[in-house]
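Remarks on the structure that follows.
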Amino acid sequence: MSVILEAHRLSRSFGGLRAVNAVSFAVEEGEIFGLIGPNGAGKTTLFNLMTGLTPVSSGTFTFRGTQLTGLPPHRIAGLGIGRTFQNIRLFKGLSALENVKISQHTRTVTGLFGGIIGSKTSRLEEIAVEEKGWEILKLVGLADRATEIAANFSYGEQRRLEIARALALDPKVLLLDEPAAGMNAAEKQSLTAFIREVRDLYNLTVVLIEHHVPLVMGLCDRIAVLNFGELIAVGSPEEVQKNPAVIEAYLGAE
Amino acid sequence: TAPIPVGIAVAQTSNVALFGQEQIIGAKIAEKYFNKSGVNGTPIKLVSQDTGGDEAGAINAFQNLINQEKVVGIVGPTLSQQAFSADPIANRLKVPVVGPSNTAKGIPQIGEYIGRVSAPVAKVAPFALKQALKQNPKIKKVAVLYAQNDAFSASETVTFQETVKSMKLEIVTLQKFMTTDTDFTTQATAVLGANVDLAIVSGLAADGGNLVKQLRQLGYKGIIIGGNGFNTANLFPVCGKNCDGILVAQAYSPEANNPVNKAFVDEYRRTYKKDPSQFSAQAFAAVQVFGEGLRRVEAATKKKITQLELSVVRTELNKALRSGSFVTPLGEISLDNEGEINQKTFYVSQIKMDANGKSGKFVIVK
Amino acid sequence: MDAVQFLQNLLNGISIGSVYAIFALGYTLVFSILGIINFAHGAVFTLGAYLTYSLAVGQFGIGGILADLQIPFQLSFPLSLLIGAILSGVAGVVVERCAFRPLRFRGADPLLALVSSLGVALVTVNVIQYLVGSEIYSFPSDVYGDIRPAFVLHFGEKLVVIRTVQIIIFAVSIVVLALLGYLISWTRIGKALRAVAENASTASLLGINVDRFILYTFFLSGFLGGMAGSLVGTSFGIAGPYFGVAYGLKGLAVIVMGGLGSIPGAVLGGMVIGLAEAFVPADYSAYKEAVAFAFLFVVLLVRPQGLLGRSQIQKV
Amino acid sequence: MEEFLQNYGFLLVTLVQQSLLAMSLYFPLSAGQLSLASPGFYALGGYVAAIMATADYFAPWRDALGWAIFPLEWLIAGLVSALLAFLVGVPALRLRGIYLALATIAFVEILRVVCLNLAITGGAIGIFGIPQLFESRWGYIWIFGPLLVITLIFSYRLDRSRVGRAFKAIREDELAAGAMGINPTHYKVLSFVIGAVLAGIVGAMSAPFLNTWNARQGTFDASISYLAYVLIGGGRSLWGPMLGAVLLASLPELLRPLKDARLIINGMVLVIASIYLPFGIAGALQRLKLSTLKRYASLRGGR
Amino acid sequence: MALLELENLSVSYGAIQAVRSINLEVETGEIVTLIGANGAGKSTTLRAISRLLKVREGRIRFDGRDITTSSPDAVVRSGIAQSPEGRQVLALQTVQDNLELGAYVRHDRAAIREDLARMYTLFPRLEERKHQSAGTLSGGEQQMLAIARALMSRPRLLLLDEPSLGLAPLIVLEIFSIIRNLNAEGTTILLVEQNAKLAMQHSHRTYVLEAGQITFSGPSQELLSDERVLHAYLGG
Ligand SMILES: Nc1ncnc2c1ncn2[C@@H]1O[C@H](COP(=O)(O)OP(=O)(O)OP(=O)(O)O)[C@@H](O)[C@H]1O
Ligand SMILES: Nc1ncnc2c1ncn2[C@@H]1O[C@H](COP(=O)(O)OP(=O)(O)OP(=O)(O)O)[C@@H](O)[C@H]1O
Ligand SMILES: [Mg+2]
Ligand SMILES: [Mg+2]
């Protein structure tokens, strides 16, 4: 297995606050990598740094050897890094199907005029985009509501649509920010199975932020723990679970 | 018999309505005046259409008058820019147009059916300067100010400037403003700083009046010449007492001594309790010219207008407009072959304000 | 430019700038609470001027109620100004009822309020024109009483002139601005106003009566607009029913330059534009109209949120 | 028919022309950009055509090209607009919402004042005596009409294409669109340029149509009218701008019999339309269609 | 008499009926849990109680008074506060302003200040972030703020929509102990939770909502051992 993502001393401060402080880690191709830590530890900020939404203060970040730091978000997405948002950010006024069609942007090439005159490539592409859209909605169980606008979905449904949208990007790496938030225990269980399934189906690498400990422990191959912006542990679920610093900061003594 | 429809297309709405409303008043008085005898017994009927302040509005109003109201001719539109837009359409359809207030260069040249009764400023403006020099022969330095977004003022100022130069006077400061401006402190202080003996202002009543007011309030003592835009009683409430003494060269004066004007002014004063403006008078003249033209058509063809084909009336009327002269409130006028006005007399008046500072009058000086 | 001329331009700029500021504040209040521009504000400005005129001077049939009142110290003018502004405030409330509230209740596209307020403006302006014509009305020069029309300071040969109107405008503006600033920044009302501005439904979840706040805001906005219109009217005359339109546009430039929703921003923006216009060299006065906008354009390119506006940092 | 066209030909063509201008606003709006710059490019295009048609400098061109000078005018007006739109758009489109609207209004106003002061644009009077392409005003339908058809097809196809989806995504959430691989700057500028080119071409066609061209053609008022067209028509539907333009631009003419009161009524219609058509005419039609469809389905024993 | 009574309550979004004629009661001093799958209508129910949504049919009574047609602010003044789904913090205001606005309906300044201090002891994280704009807080921090803000009005009835959402495990436990304490002090609580087991362990009674209708209800202890509930919602 080879390293697909590598962070080297990534840092980001807001005013005096060091939200992410010299964090280094590497994610292997094909693994499910968990990111946990107390509220405000800097997990979401780390995702934002990785996807270019927040500029880094210092440090570097590479994807298969390509420097990502300094690239605008759309270039990073184009390289194959898809994500979901903790505070849901769907295209609320558009239908579920349109949401998943839009994120196939980087995998298609039709330009303005090709689309207008309906060139052959554009027509073929259009068909493929539509098909893939339906396929993914089926996968997350929203196919029967494909033409409804996203704003009409309940919180949990919107979370699933977020995942669908990120998947439609056809990413190599999928960054999930609290995908299970707003789901009940049964739904969480099926989510675990779902993530495994898509990982295998699309040969993905998954990085996942989640507060639901059983889910993280059951799903992840390795886990990194952040606390006050610093990485305090990386390792297998068993190792992390036994780590006293992690217990102290996050898990609490059972 | 059915009255003969004459169209009037001026701005009754938008910020140009200030003039358009005056024009309608003048035209209505003319209609009443003319219909005392009518076209050998047949009355004329004014049909008005609002042009608003824009070009498309003028075209719509023209089309409406020509095609639906079947008018024999049109008085209008208010602005020169609108005339450039709408007149070619009337011209193509061979409908005579008389512009009551279009003074820009090139209007009569739009076509053979286009004429006007508003003398271009180049003809009128120089008279005021001569009068100013008569009042103060020592004038050397001159300030020129004009509203640059008003087509009328912008072309008027060119005439003023040329006349100033031809009289060997020096323009020490040239200031521009907007008709929408209300604060002229910048321009006024510049004029004061330049130490001039004469200020020439080309603007409309509101902006020009404010400019004069502020100029005087800041202590300007020299002579002020106002352009044609000042030729309205609307100016008085704007600058109040400060209007006193402004010199204005006029294509029209309410004091002009001829019977038509007397009748016009009397009627106007009776209803509106003030003196008519040039806009009203020119609109009156335009309607009158159409009326008398119709009489001439009947005389020439020996037929009643109502018996003639509309298209014939229009062509004949256009010919009639260009033959012979008319005695109007503006004095004796005629249209040359191009449609340009020949006006016999111009006036220079000085503003005299009443003691209350709210009303006043133009007193012919000369 | 020498020092004297500089001083003169400065004074002129500050005076007109302070009117821009109060006028613009009316805009900014409504914007900050509804996030939308009230296009009827320019019409309320015009209306205010006509109202004050008809109270203090009187013509067009109804007016002059206070004109012949024998009260000392020319009290009838400040009284007219105040009543005129209050009536404009009521007009502001009417605008809200006609053009904003129905849309809000129907969940319409917020931008649509631009159109409905434009409609109200059109109605207002044309009703005024219908009733009183397009004539120009000017306040008599003694409307403030028997104060000398202007202060003239001599600097050797040169003079600096301050018109009485300018002083009055400035003084009234400062008082109004101070009161408003206090209201917004230091009171519970101000805080609630900001909450409604950000998210009306969340504000109502906190127990804030959103509708009432919106109504107050429109009253205040109309009050300020009418006041500004009256002040400009006394200074330069009322140039027909359309005279608020040019100010309407300039007022927009002012608030956007200062930063939408910011009160100090509106003041600063008003001053900047007032001064910029005053300092346009006489030879280029042709371009004066464009100065406000050129400034605005440049400011926005450098600071997209306006001079004192808060940048909308959003966390993901 | 002929008489009808004589009476209303100009108005009908004006409606088509106004629809096109509304569309020019609609394109940036479909990418979430509230740009009010259209009148500026409209004025610019008109000046390009007016100058090419009247200036002595272009006389040899006119002689050489004959009627073909007209398409050339449109082409050049479009190109000049595109260039200027690009130069203005790249910095201005960093702005959002009302800020962008005001920046574009500033652009329109600056352009207007500049044109008012230049010799080549004829100052305040403007340019007049513009050579005609058609005798009657109705004739101009043969250029405005096809342009509208092309624009509608363009807009229809765009809506269903990859680029159109990118526009929509940016309108909904620019940041999320970026994270989904869409380059916001690129598509925002593109939408702005498309609108500008359309407005420029319409301007170039309008100069002969109106016989004259001056600085009063591109104003703030016009910006607001176009916005009103789009919103009353329905800003989310490609038919909306046209429906709105047809309703609102014909209204003052339909109300002519009311004389003095016509603008008062016009204003009232704006208010009432905003209230009762919260999603524009197109939105209302859409609902009507949905509800009749449903009724139809239930008649047929659907669920 | 129950503090809150929903009688045949129906709520719809246009043609979609999200809540169908439900009956629900919360007695003074109780903690009641409402659970159900995604899209069951839980948030819709809470929004209807806070009067953010129009009620299509049925009544809502609070403390014996009919509030079915009251305005949202009147409902808050009568003593109902909500910590809504999706946090809904005022992103541009500071943390402190958010909290003070939470007490908008109160006028007892001294007591408000006391409560503010109390919130800061309950959530030290918020004190550290006092002057930061709420929009820049982390997800969990915003959740704490939303809960604290609802408490600031000292409601008689507190509506919590998924309070544990996005919170770290330690904080979740803390939130539940806060809920317990508040209840002991006399606040009545209606709780919507996905973390059903935890919520039920801490509540007196539970309602289960399925596709807009109540399918089970009863003392939490009983439902906790009910096979069907266990299977569908507790991951058993
Ligand atoms: N733009 C910003 N300005 C100031 N502070 C910020 C900003 N963005 C984040 N922070 C702070 O940085 C810290 C880390 O935030 P982040 O969202 O990364 O936390 P997190 O680990 O995702 O927490 P949670 O589990 O609660 O979502 C927080 O304390 C937050 O308040
Ligand atoms: N604004 C809306 N417009 C139309 N339908 C809506 C709207 N909000 C919610 N719905 C629909 O109403 C139903 C109930 O939604 P609600 O938000 O109450 O569910 P919930 O039980 O809170 O679910 P979750 O656990 O996912 O938050 C869902 O089917 C949802 O799709
Ligand atoms: Mg987070
Ligand atoms: Mg919910």
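Residue numbering restarts at 1 for every chain, and letters A, B, ... go by the order of the sequence lines. For clarity, every value in this text was computed on a predicted model and none was experimentally measured.
Heavy-atom proximity under 4.5 angstrom to chain D picks out C:Pro102, C:Leu103, C:Arg106, C:Gly107, C:Ala108, C:Asp109, C:Leu111 from residues 101-111 of chain C.
Both the backbone and the side chain of C:Leu300 come within less than 4.5 Å of a heavy atom in chain D. Of the two parts of C:Phe295, neither the backbone nor the side chain holds a non-hydrogen atom closer than 4.5 Å to a non-hydrogen atom of chain D. Only the side chain of D:Arg112 comes within contact range of chain C, judged by heavy atoms closer than 4.5 Å. Looking at C:Leu112, both its backbone and its side chain come within 4.5 Å of chain D, counting heavy atoms on both sides. Of the atoms belonging to D:Leu34, it is side-chain heavy atoms, and not backbone ones, that fall under 4.5 Å from chain C. The contact between D:Val114 and chain C is made by backbone and side chain atoms together, counting heavy-atom distances below 4.5 Å.
Contact check for C:Leu249 versus D:Glu109: side-chain heavy atoms found under the 4.5 Å cut-off. D:Leu227 places none of its side-chain heavy atoms less than 4.5 Å from the side chain of C:Val115.
Annotation: C:Arg303, atom CZ; neighbour count of heavy atoms from other residues, nucleotides and ligands within 6.0 Å is above 12. Annotation: D:Ile120, atom CD1; neighbour count of heavy atoms from other residues, nucleotides and ligands within 6.0 Å does not exceed 12.
Without hydrogens or angle criteria, D:Tyr99 side chain to C:Leu260 main chain gives a donor-acceptor distance under 3.5 Å. Counting only distance, with no hydrogens or angles, the side chain of C:Tyr130 and the backbone of D:Ala261 share no donor-acceptor pair below 3.5 Å.
Interface remark: of the candidates D:Val108, D:Val113, D:Ile272, D:Thr104, D:Val113 forms the most heavy-atom pairs closer than 4.5 Å to chain C. The most heavy-atom pairs under 4.5 Å with chain D, out of C:Phe31, C:Phe293, C:Phe39, come from C:Phe293. Taking chain C as the reference chain and counting heavy-atom pairs below 4.5 Å, the highest number among D:Gly283, D:Pro91, D:Pro278 is found for D:Pro278.
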- prompt: Under the side chain to side chain contact (heavy atoms under 4.5 Å, CB included) criterion, do C:Met257 and D:Leu102 qualify, and how do the steps go?
  reply: CA-CA 9 Å; C:Met257 170 172 313; D:Leu102 257 283; over 6 Å; no

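Here the CG-OG distance, from C:Leu114 to D:Ser274, works out to 9.5 Å after rounding to the nearest 0.5 Å. Of the inter-residue distances, the one linking C:Leu301 atom CG with D:Arg94 atom CZ reads 6.5 Å to the nearest 0.5 angstrom. Expressed to the nearest 0.5 Å, how far CD of C:Gln129 lies from CG of D:Leu263 amounts to 8.0 Å.
A ring-ring contact (aromatic ring centres under 6.0 Å, His included) check over residues 250-291 of chain D, counting only residues at least two apart or in different chains, returns nothing.
Shortest non-hydrogen contact noted between C:Ser116 and D:Val271 is O-CG2, 3.5 Å. Closest approach of C:Val123 and D:Ile264 over heavy atoms only: CG2-O, 3.4 Å.
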